[in-house]
2 protein chains.
Amino acid sequence: MESAPQRKKRVTITDVARHAGVSTAAVSKVLRNAYGVSASMQERVRSAMAELDYRPHAAARGMRGRTYTIGVLLDNIRNTFFADILDGIRDELHDSEYTVMIGAAGFDAASQAKTIRSMVDRQMDGLILIAPGTPRAEVLAMAQSTPTVVIGHHDASDIHDSVLDADGLGAGLVVDHLVSLGHRDIALVSAPGTRTGKWARTPEIVLTNGYLEAMERHGLGAHARVHKAAYSDEGGYKAGMSLLTAERRPTAIMTGADVAALGVWRAAHEIGLRVSEDVSLAGYNNTALADLATVQLTSVDQAGHTMGSTAARMLVERVEGHRDRAAQVTMTPRLVVRDSTGAVGGD
Amino acid sequence: MESAPQRKKRVTITDVARHAGVSTAAVSKVLRNAYGVSASMQERVRSAMAELDYRPHAAARGMRGRTYTIGVLLDNIRNTFFADILDGIRDELHDSEYTVMIGAAGFDAASQAKTIRSMVDRQMDGLILIAPGTPRAEVLAMAQSTPTVVIGHHDASDIHDSVLDADGLGAGLVVDHLVSLGHRDIALVSAPGTRTGKWARTPEIVLTNGYLEAMERHGLGAHARVHKAAYSDEGGYKAGMSLLTAERRPTAIMTGADVAALGVWRAAHEIGLRVSEDVSLAGYNNTALADLATVQLTSVDQAGHTMGSTAARMLVERVEGHRDRAAQVTMTPRLVVRDSTGAVGGD
DNA sequence: CCCGCCGTAGAGAACGTTATACAAAACCTC
DNA sequence: GAGGTTTTGTATAACGTTCTCTACGGCGGG
């Protein structure tokens, strides 16, 4: 049996060296633009590389030095907020020599951990973890060996960098807005705490605290109600069903993610309630979803693109050793009012 | 200056071998469950690996054998249809030893090519390319050295496998549906052909042909109108604006992607047209977007999840050498009627 | 003119794994 | 039990890079 015509031999550094009539060490130096190469050598090697269409073998590089790969972990591609962050990362890294690889691990903590380990095992130069559900200890252990930026969690650390949003403030903005519209019965739909493996200050915890404080501040502490639900259409739907069929129905619902708000919307729709007129609804993250013509959801913008580019920049600083101590950047959220919130009992 | 406490030494195969009192070769055999290991050896090595918490170093593996990594290329994470495909891939590979890494390269052909090359350079075992915009020759060259499955393009090849949807049929389903509602002026919004580097049968081309044939079949050839636009909210919006303000306004618009349909919707909304009553609107892919309570978009389901899992299965077959010739799988689309399409001039 | 120095190039040892080739041991078969 | 076969484990040469260390040639200064 004649086997497939696979396996065209790769061009290696040795081929380039031979073709240029120099040593592999010299080629390697040019490749890493290391110290100790003359201009003529540069020239010679570069043209040899071009002629042979040489591309370094990343796996081999990984054995000794860097792989020029940045890994990004996220739980759920459907949350378009993450897409904003990714765009920021990509734009920042676009004309650097780094390649971004995304690991979409789902909500399950175990498979997230597996994915993070995979990235470390693949010798990635740096990791960006978006609100990881993995136990904190695991993340710290990984960050020990690979530069890491954690996005979302407020728990600071001197081992990894952090980029986060002042979620507490953001929750306050929404509550203030709703109260100014006359609402008093304001419920919050936030992610379940089960995913928090020793993270004391996940976005949802901070958000919830911000909500509770704001309610307190307005003298509405007794009206506060927090419903836990996954940040997905389905999670929002269930939460919406439960809240909107309760005996004392809230006049306004805010959620920690736009996608969940749309689930609530679906529930309201099914029950026969009009959003804005019968129940005000606010999301979080100001994703593209919120701006759809048929949606027009009031939401909180937390500048995902900027978060992404900031994270990427910080990570590269660390990878390249320009900075040797952890840093933390906090973004300020901004309220975006659209049609889904209205005066209480309004028509 | 005291440097960071980085670099905890990794546990290597040598450590495991020493700890178990055997040779590294033996450990390697166990690792790959190769032929020639006794049960007792298995046992001994496995427990040593467990005790030391050993994880193989993927970069080192890549030097000789496989990396157990599958790369997935997509242009745009915001297209939730791709999320369906990815879920399919993930579910299929979930409890295999393969890790999935996603490269989100954007629409630009050059950066897609760069991403594909990155994946090959990282010695990934197999590639799944979702409707790549890269020139066909480039894809074939890469497929030469790495097993590849192309999703979407109808161009068959004996070098890579293909998974695709009968898009021509799908377009026909929509046209038939709209005609049955009394529509005659039916416009199509499809992706621009610029991204086709020698692909003769991209999804958009096949879709367009299907649309034209169906219109012809109904004697509406003269009414056919195709508008090119990017499959994004913005692209759909521009197309919608242009079509809906034209002198002869279509009574129905179908798009090649749900996300573009929502852009059209936004345009209609701005112009003051009601979707369904004033203009019927149909999308494609039946993504989660189409099913939102406030959207309810008629769309064509092409079973993204199944496409993903099929592609993954086919790829693994190839990677592991169980199949040595290219294969092609075609899915049948199904129309999902929702509220966005109605009788012409209906109210 | 010899010594030390600097800038550049090359030799060669890693890195952690796979896989081939072989030695040793165990098991058959007559 | 001799001869053959099969099973089991080991030694070791790759794989394609990086990077340290050494060699060399030229040059300025004493």
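Lettering of chains follows the sequences in order, A, B, ..., and the numbering in each one begins at 1. All figures in this text were calculated on a predicted structure; none of them were measured in a lab.
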Test for a donor-acceptor pair under 3.5 Å between the base of C:dA19 and the side chain of B:K29, counting only N and O atoms. no
So does A:R64 reach the base of D:dT17 with its side chain, donor to acceptor, closer than 3.5 Å? no
Over all strands shown, is [X] touching base, sugar-phosphate only, or nothing at heavy-atom distances under 4.0 angstrom?
X: B:R32; result: base
X: B:S28; result: base
X: B:A25; result: base

Between A:T69 and A:R122, do the side chains contain an N or O donor and an N or O acceptor separated by less than 3.5 Å? no
Short side-chain N/O contact from [X] to OP1 or OP2 of [N], under 4.0 Å:
X: A:T12; N: D:dG16; value: no
X: B:R10; N: C:dG16; value: no
X: B:Y35; N: D:dG9; value: no

B:T310 OG1 to B:D161 CG distance, which is reported to the nearest 0.5 Å: 11.5 Å
Nearest non-hydrogen partners of B:P132 and B:V139, listed with the distance: CG-CG2, 4.3 Å
To the side chain of A:I13, which of C:dA9, C:dT17, D:dT17 is closest? D:dT17
Could you point out which residue of A:I116, A:T115, A:T134, A:L74 forms a side chain to side chain contact (heavy atoms under 4.5 Å, CB included) with A:L129? A:I116
